[in-house]
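A quick write-up on the structure given underneath.
Here the structure is a predicted model, which means the values were calculated and not measured.
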Amino acid sequence: MKIFLYIQCLNDPDWQKEKEAIRRQWSLLDQLHLLVLSGIFTVVGHRVAALVVLEFSLRAVSTILSLEKGERSSQLYLLCQYSLGCGISCGLSYLQEGAPHRTWNLLLSAGLAAVLTGYAWRLARHVFTMYELHCGERYCGACLFLLTTWHGIPRLLGKAVGVSFVVADLAAVALINRDFLTTSEAVRFWTPLTICYTLLLIYMQEEQRQNPTEQMAYQTVVVRMGGLLVLLMTVGRWMDIVNVLISLVGEAWCLARARVMLDVCRGQVSRLRPSRGGGWCRGAQGPGAAA
């Protein structure tokens, strides 16, 4: 999303300050961000992680259905960071449960994630420093590839995130139901949960529509986690309450790190649409020069 928003800002002369803000954001803080989230995901219990996944899935479906035809909400890819991490944690926990070589499998997954993360970081550094020059000179394959395909990044991310959440939702339901011995216990848990999530969804959709600001994003996190906290105080365990407080810190941390990109998304949602055949390129001719 950083690469996509950077190129999108590069296409519009009015968004040069935002482009520089995204460029300056790249630092060792990104690595610290990953380490902090990894630590949080190892601490948060599977029940709270599963509830976070289900809540975001419901919110994402509602947001997508409310969008007009052809409209896209890039903010969802930034707002789902913590929920997606919880989903991957739930999915791996459920799929690897009882596996004979679970530790090695998890290490293999972590290694694959590290490879993908390193590749994404290197690509972002290259784009932030050399994209403008390489597009003009036309001798860098990676930059020329992005020049014609950058508008498809959200679609690619959408498919990957969608598959991840489908697996995570199934795993979340299975992990939660595993703790109930009888159907009546499950009903006593799921009924208030459904009512709570429905009321929260109605409230958040209305507030976000009327006041889509950074302050409102933090307020939404507090309301969501507060509602989950109240629910778990009645039907949950004490450890669940601690995990909700940890999740509140994780959500706030993700919002703080994505603040610049969220500001760009809010500003561009009514102005910019991705071009269909190219991107910015100094001195380029034809479709590749479309702004």
Less than 4.0 Å between a side-chain N and a carboxylate O, is that true for K2 and D30? yes

Is H126 close to C143 at the side-chain level, that is, under 4.5 Å between some pair of heavy atoms? yes

Can you list every side-chain hydrogen bond (donor to acceptor under 3.5 Å, both in side chains) pair that touches residues 98-120, not counting sequence neighbours? Q96-N105

Roughly how far, to the nearest 0.5 Å, is NE2 of H134 from CG of L144? 9.5 Å

Carboxylate-amine/guanidinium proximity below 4.0 Å for R257 and E251: no

Heavy-atom pair of closest approach, residues I246 and V43: CD1-CG1, 3.5 Å

Just jot down the side chain to side chain donor-acceptor pair (under 3.5 Å) partners of S57, sequence neighbours excluded, or say none. D169

Is any side-chain heavy atom of M225 less than 4.5 Å from a side-chain heavy atom of E55? no

Just so I know, are the side chains of N177 and W190 near enough to count as touching, which here means a heavy-atom distance under 4.5 Å? yes

Give a yes or no on whether V264 and L78 share a hydrophobic cluster (residues Ile, Leu, Val, Met, Phe, Trp, Tyr; joining criterion: side-chain heavy atoms under 4.5 Å apart). yes

Working to the nearest 0.5 Å, report the span between CH2 of W121 and CG of L34. 5.0 Å

Could you tell me the separation between the CG atom of L262 and the CG atom of L79, rounded to the nearest 0.5 Å? 5.5 Å

Name all residues meeting the ring-ring contact (aromatic ring centres under 6.0 Å, His included) criterion together with F41; count only those two or more places apart in sequence or in a different chain, and write none if there are none. Y82

Donor-acceptor pair, distance only, cut-off 3.5 Å: does the side chain of Y77 make one with the backbone of P154? yes

Considering only NZ, NE, NH1 and NH2 on the basic side and carboxylate oxygens on the acidic side, decide whether E20 and K17 come within less than 4.0 Å. no

What I'd like to find out is whether the side chain of L54 reaches to under 4.5 Å of the side chain of I176, using heavy atoms alone. yes

Tightest non-hydrogen contact, residues A50 and A172, listed as CB-CB, 3.5 Å

Minimum side-chain heavy-atom gap C9-Q16 below 4.5 Å: no

Test side chain to side chain contact (heavy atoms under 4.5 Å, CB included) on L157 and F4; report intermediate values, then the result. CA-CA 11 Å; L157 287 177; F4 172 77; over 6 Å; no

Given the rule that I, L, V, M, F, W and Y join up when any side-chain heavy atoms are under 4.5 Å apart, are V61 and L170 in one cluster? no

Where do E97 and R178 land on the side chain to side chain contact (heavy atoms under 4.5 Å, CB included) test, with the steps shown first? CA-CA 12 Å; E97 189 174 18; R178 186 181 60 183; 2.4 Å; yes

Using the six-membered ring wherever Trp is involved, compare the ring planes of W253 and H33 and label them parallel, tilted or perpendicular (cut-offs 30° and 60°). parallel

Residues at least two apart in sequence or cross-chain that pass side chain to side chain donor-acceptor pair (under 3.5 Å) with E18, listed by chain then number, are none

If you measure from CG on L156 to CD1 on I153, what distance do you get to the nearest 0.5 Å? 8.0 Å

With a cutoff of under 4.5 Å between side-chain heavy atoms, which Ile, Leu, Val, Met, Phe, Trp and Tyr residues group with L112? L116

Taking all heavy atoms of V127 and all of Y131, pick out the closest pair and write down the distance. O-CB, 3.0 Å

Quick check: do F165 and F56 have side-chain heavy atoms less than 4.5 Å from each other? yes

A side-chain contact here means heavy atoms from C-beta on lying under 4.5 Å apart; do V44 and V52 qualify? no

Identify the heavy atoms of V260 and A21 that sit nearest to each other, and give their distance. CG1-CB, 3.8 Å

Taking every non-hydrogen atom, the tightest pair across I241 and L229: CG2-CD1, 3.2 Å

What distance separates I40 CD1 from C254 SG, expressed to the nearest 0.5 Å? 7.5 Å

Is it true that V166 and V173 fall in one hydrophobic cluster, defined by side-chain heavy atoms closer than 4.5 Å? no

Verify same cluster id: L106, V167 (apolar side-chain graph, 4.5 Å): no

Please report the interatomic distance OG(S89) to CG(L175), rounded to the nearest 0.5 Å. 9.0 Å

Which atoms form the tightest heavy-atom contact between A171 and G91, and what is the distance? CB-CA, 3.9 Å

Does some side-chain heavy atom of R259 sit less than 4.5 Å from a side-chain heavy atom of D263? yes

Can you sort out the partners of H46 under ring-ring contact (aromatic ring centres under 6.0 Å, His included), two or more places apart, ordered by chain and number? none

Checking S83 side chain against C80 main chain: does a donor-acceptor pair fall under 3.5 Å? no

Do the side chains of W238 and V242 join up, straight or via other hydrophobic residues, at under 4.5 Å, putting them in one cluster? yes

